Number of protein chains: 2
Amino acid sequence: MRRACSECGVRDQALCASLTDDQLAVLSRAGRRRYVAKGESVIWAGDENMICANVVAGVFKLSTSTADGREQIVGLLYPADFLGRPYAPSSNYTVDALTDAELCVFPRKHFEQALHDYEELERLLLQRTLDELDNTREWMLLLGRKTAEEKVASFIVQMSRRLAKGRCGASTGEEFLLPLSRTQVADVLGLTIETVSRQMTRLKSAGVIDLPTTRSIRVLDRPALSARAEHA
Amino acid sequence: MRRACSECGVRDQALCASLTDDQLAVLSRAGRRRYVAKGESVIWAGDENMICANVVAGVFKLSTSTADGREQIVGLLYPADFLGRPYAPSSNYTVDALTDAELCVFPRKHFEQALHDYEELERLLLQRTLDELDNTREWMLLLGRKTAEEKVASFIVQMSRRLAKGRCGASTGEEFLLPLSRTQVADVLGLTIETVSRQMTRLKSAGVIDLPTTRSIRVLDRPALSARAEHA
DNA sequence: CGGATGATTGATATATCTCAAGAGTAGTGG
DNA sequence: CCACTACTCTTGAGATATATCAATCATCCG
């Protein structure tokens, strides 16, 4: 039994927000829900590029790697984000689920047709792609020019913005669960796992953050954390 | 006196390629030619975002920097490339001319109106933005995971693809003029000027490239250069 | 409880940066 | 045309941040 789009948790945040209920009804006939287990790959770099999707739940990583296996994570996707690459025959990066996740999947060709038919959809995708390009370029500054401490602090700032519970409440004392292992954090920041670990404990020793478990982070002093993200 | 679009050198390569002569005639009434001297800034990071433009001639750099002045070049623009950021009130990066250059400039609001009016224009911009995002993510792998030698070799490979004269001819023996100083190359690669210089002379000593002048590069052994770009 | 996986910590190595000097190159004006 | 000056680039020596290698320590799960 098909679940109605009107009940979808990301109906108003995903690209679908640009469509009327009637338009969405048409498009949704081409789509289907797909549950993805933590660690599962959805798209492989170099493979034929078959699907586009909206993230309904969970977190995904986009990554590329060198021939000898060094990996770089080039993006993270959260609920309501768009996943896929319209207008290209093959994908440049691999997409894996970091948590159990749920997608609303469309065949790429159908999705491209929808972009053609609904100009508001295409406009919203353009705007999001431009935003994503800005974010990605900002991340280049981090990769090319920031120190290990700045990288780790920047990463925690950014993750806490996305994941902290009481985002509207106090700006401090927030705790959140990291969807990434230390190795994956290292692959986001262009560092080794050991360096990430050392910088984390340094921040903890300085009283800037707390690490209740290995996968959770509590920001104790946000101004201090932001300062360390900017300036060595 | 206004120059006709039909005589424009990038009429069929720039975004304008998606427009008919009639459509372009309408749009071009809002645009104007602007000559930019080497070193001049066209857009400043953080400033109000007023313009969009097509690059007609010359090369531009996009860059961001940290508060204490470390700079990272996040993109290069060549003739027929699009310059600007539709749908955002301010710019995230500074755009400077690396050579004397020429732009076809539109007020941002006019350009956004054109995107709205001509769906082929919007589609082409979307496709280019998606391509640019792919390229930028590929560059993240270089910044985060490649060694200095791999970075410099990758840079030369990429520049030679863009700039070498006889691109259709032999794949070797090409010579081209770098539009960037050593400092700027360092800012592209996330290295220091000294490291760039040392890697360049290493490649020269190994017979992979020649450096006839400080601003020109000749690729002597492209397979060897590509190998060094991939693998330390 | 035991084994596996992932994280931390320590000791050492090394690639790249930093600091400093010298060598090209280009532009200027006599 | 030739100094003279100002850059930019190259080269060298030494410092340092981060990587590498190795061991211990948590955490998870059967």
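Computed from heavy atoms alone, side chains included, the values below leave out hydrogens, waters and symmetry copies. Remember, it's a predicted structure, so these values are computed and weren't measured experimentally. First the proteins, then the strands, lettered A, B, ... as listed; each starts at 1.
Thr213(A) comes within 4.0 angstrom of nothing in the nucleic acid, heavy atoms only.
Annotation: cation-pi geometry not satisfied between Arg128(A) and Phe82(A) (NZ/CZ under 6.0 angstrom from ring centroid, within 45° of ring axis).
Mapped onto DNA chain D by nearest heavy atom, Gly190(A) and Pro212(A) fall at different nucleotides, with Gly190(A) at the one closer to the 5' end. Mapped onto DNA chain C by nearest heavy atom, Thr214(B) and Thr201(A) fall at different nucleotides, with Thr201(A) at the one closer to the 5' end.
For Gln199(A) and dG10(C), the CD to P distance is 15 Å, given to the nearest whole Å. Between Arg202(B) atom CZ and dG12(D) atom C1' there is a gap of 16 Å when expressed in whole angstrom units. Residue Lys146(A) contributes atom NZ, which lies 17 Å from atom C1' of dA17(D) at whole-angstrom precision. Atom CG in Leu191(A) sits roughly 11 Å away from atom C1' in dA17(D) (whole-Å rounding). Rounded to an integer number of Å, the gap from CG of Asp68(B) to P of dT18(C) is 11 Å. Rounded to an integer number of Å, the gap from CZ of Arg182(B) to P of dT8(D) is 13 Å. Here the C1' atom of nucleotide dG27(C) and the NZ atom of Lys38(B) are 13 Å apart, to the nearest Å. Protein atom CE of Met200(B) is 19 Å distant from nucleotide atom P of dG24(C), rounded to whole Å.
For Arg70(B) (side chain) and Ser65(B) (main-chain N/O), no donor-acceptor pair under 3.5 Å exists by modelled atom type.
For Glu194(A), the side-chain atoms get nearest to dT20(D) when compared with the rest of dA7(C), dT20(D), dT18(D). Checked against dA19(D), dC9(D), dC21(D), the side chain of Arg215(B) finds its nearest nucleotide in dC9(D). When distances run from any side-chain atom of Thr192(A) to the nucleotides dT18(D), dT20(D), dT8(C), the shortest one goes to dT20(D). Taking only side-chain atoms of Thr147(A), from C-beta outward, the nucleotide of dT18(D), dT16(C), dC9(D) with the closest atom is dT18(D).
Surrounding CD of Glu138(A) are at most 12 heavy atoms belonging to other residues, nucleotides or ligands under 6.0 Å away.
Contact annotation: Arg198(A) side-chain N/O to dT18(D) OP1/OP2 distance is not under 4.0 Å. Residue Ser197(A) has no polar side-chain atom (N or O) positioned under 4.0 Å from OP1 or OP2 of dA7(C). Remark: Thr195(B) is in phosphate contact with dC17(C), judged by side-chain N or O atoms under 4.0 Å from OP1 or OP2.
Interatomic distance, Arg182(A) CZ to Leu191(A) CG, rounded to the nearest 0.5 Å: 12.5 Å.
Spacing between dA26(C) and dG22(C) at atom P, rounded to whole Å, works out to 23 Å.
For the pair Leu203(A)/Ile156(A), a side-chain contact is recorded, criterion being any heavy-atom separation below 4.5 Å from C-beta on.
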